[in-house]
Amino acid sequence: MTATRVLVLNSGSSSVKYQLLDMSDSGRLAVGLVERIGEQTSRLKHTPVATGGESREWTGPIADHDAALKAVAEELAKDGLGLDSPELAAIGHRVVHGGQSFTRPTVVDDAVLAEIERLIPVAPLHNPANLTGIRTAQALRPDLPQVAVFDTAFHTTMPEAAARYAIDVETADAHRIRRYGFHGTSHAYVSRATAKLLGKTPEEVNVIVLHLGNGASASAVRGGRCVDTSMGLTPLEGLVMGTRSGDLDPAVIFHLARVGEMSIDEIDTLLNKKSGLIGLCGDNDMREIRRRIDEGDAQAKLAFEIYIHRLRKYIGAYYAVLGRVDAVAFTAGVGENAAEVRAAAVADLESLGLAVDGGLNAVRGDEPRLISPPDARVAVAVVPTDEELEIAAQTYALVGRH
Ligand SMILES: Nc1ncnc2c1ncn2[C@@H]1O[C@H](COP(=O)(O)OP(=O)(O)O)[C@@H](O)[C@H]1O
Ligand SMILES: CC(=O)OP(=O)(O)O
Ligand SMILES: [Mg+2]
């Protein structure tokens with residue numbers, strides 16, 4: 001029997017998204033999510049797609065990512081899809097920070113694990129969870145290849161002019177301080193899918209991708225290669241996010257330390273976990289913010305306006321970086337679902353060839369679709385991301401043929 005299945009683990013700071021796929025037809029056998037890991041009310045939702053069975057949900061304390069993964073393995077086993085299956089070819093892992101070392105998917109060995117661990121200070125919310133995911137999977141299936149697929153890989157094509165900060169070169173190089181960029185698997189997948197939607201090859205088009213989830217980033221993709229992206233050394237730079245500030249004057253940090261008497265760790269927590277939308281209005285979920293705006297809530301309205309203002313600045317910046325833009329693609333939880341965000345992001349930009357059609361923008365769906373008027377100079381599109389499918393494809397391409 002040839003092993004054609006790949007299990008993909010996308011471990012976030014407090015969640016694990018997973019999919020089991022059969023790569024002979026890229027079909028999903030099972031999908032699921034464990035969220036609020038570490039809390040008393042952790043939730044697991046598992047959907048056995050292959051058997052057509054009902055989704056199963058479970059709420060209770062799941063202490064850490066190790067326990068979460070073991071719970072996932074138990075759920076899979078209930079459907080006869082357990083990790084002991086001889087049909088499993090590999091386990092693919094999203095790893096957020098790969099530094100400059102990793103430009104492509106990599107089979108995990110001790111040296112790879114050590115490098116992911118070394119990068120924890122520049123991805124403190126993500127790399128520890130990714131490491132636990134890999135180690136637990138290794139313990140469950142020591143014989144299987146574990147493949148790391150890095151968020152940073154797609155951005156390694158950025159030119160030095162975009163990747164370097166304007167700080168002392170020796171200091172920057174000594175500490176490997178440069179802009180790495182994240183969500184690369186999504187930016188790669190969505191930019192390719194956007195080209196396909198336009199009936200073109202990736203080489204033929206320039207695309208601005210707006211990945212707007214809880215974490216959010218923009219990228220400028222020229223002919224299939226990333227030339228700029230909004231996240232930097234860490235996933236804190238750039239857009240306003242659910243809980244992260246994005247861009248600010250670095251002197252804010254000195255000021256908080258000197259005048260606000262906050263410790264570096266307190267400032268880190270403030271900017272990564274208590275800022276962005278949640279810091280501005282107390283909610284990080286765009287659905288809740290829209291609901292409050294509809295009720296006339298001024299604080300929620302201002303938070304939305306700050307979010308949109310920053311997003312528009314990046315659209316303008318990447319228009320200038322690319323020179324010619326063929327498409328702007330919205331993706332991830334907010335980008336795929338929040339029609340108001342899409343409309344506000346390109347409002348009054350007809351002079352740049354950008355517009356959305358109100359009717360098309362209001363249509364919901366899971367398929368890539370155009371939302372710009374038919375005669376628009378620049379296509380505006382909603383292109384659902386699928387990081388798990390992309391990770392599975394890259395994992396299988398690396399190990400599947402053994
Ligand atoms: N129907 C919706 N309308 C507006 N926003 C939504 C909707 N569904 C999800 N979101 C937004 O998407 C976010 C989650 O996006 P997602 O891409 O899943 O994030 P992450 O991968 O960072 O956890 C939520 O916090 C919420 O703001
Ligand atoms: C890198 C990053 O911000 O990822 P996420 O959006 O999953 O938090
Ligand atoms: Mg995400």
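Ligands are counted one by one from 1 in listed order, and the atoms in each one are counted from 1 as well. Computed over heavy atoms, backbone and side chain alike; hydrogens, waters and symmetry mates excluded.
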Mode of L212 contact toward ligand 1 - side chain, backbone, both, neither (heavy atoms, under 4.0 Å): neither

Protein residue, atom and distance nearest to [atom], heavy-atom basis:
atom: atom 18 (O) of ligand 1; value: K17 NZ, 3.4 Å
atom: atom 4 (C) of ligand 1; value: R287 CG, 3.6 Å
atom: atom 17 (O) of ligand 1; value: G333 N, 3.0 Å
atom: atom 26 (C) of ligand 1; value: D285 OD1, 3.5 Å

Mark up the atoms of ligand 2 that fall under 4.0 Å of a heavy atom belonging to [X], in ascending order.
X: G215; result: 6 (O)
X: P235; result: 1 (C), 3 (O)
X: D151; result: 1 (C)
X: H183; result: 1 (C), 2 (C), 3 (O), 4 (O), 5 (P), 6 (O)

Aromatic ring pairing F182/H97, orientation class (parallel under 30°, perpendicular over 60°, tilted between): perpendicular

Does G215 come within less than 4.0 angstrom of ligand 1, counting non-hydrogen atoms of the residue?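 Yes, that is the case, since the closest heavy atom of the residue is under 4.0 Å from the ligand.
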
At the 4.0 Å heavy-atom cut-off, does E288 count as touching ligand 1? no

Among N10, T243, V334, which one puts a heavy atom closest to atom 11 (C) of ligand 1?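 When every heavy atom of N10, T243, V334 is considered, V334 comes closest to atom 11 (C) of ligand 1.
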
Closest to atom 5 (N) of ligand 1 (judged by heavy-atom distance), picking from M286, H183, E336, H211: M286

Using distance alone, decide if ligand 2 has a nitrogen or oxygen within less than 3.5 Å of any nitrogen or oxygen in H211.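 Among all N and O atoms of H211, none is under 3.5 Å from an N or O of ligand 2.
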
Could an N or O of ligand 2 be found under 3.5 Å from any N or O of N214, whether backbone or side chain? no

Considering only NZ, NE, NH1 and NH2 on the basic side and carboxylate oxygens on the acidic side, decide whether E305 and R312 come within less than 4.0 Å.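 The answer is no: the pair does not qualify as a salt bridge.
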
Looking at F304, I'd like to know if the NZ or CZ of R290 sits under 6.0 Å from its six-membered ring centre while staying within 45 degrees of the ring's axis. yes

Using modelled atom types only, decide if a donor and an acceptor are shared between the side chain of R176 and the backbone of A172 within a distance under 3.5 Å.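 No; judged by distance alone, with no hydrogens or angles, the pair does not exist.
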
Main-chain N/O of E388 paired to R94 side chain as donor or acceptor, under 3.5 Å: no

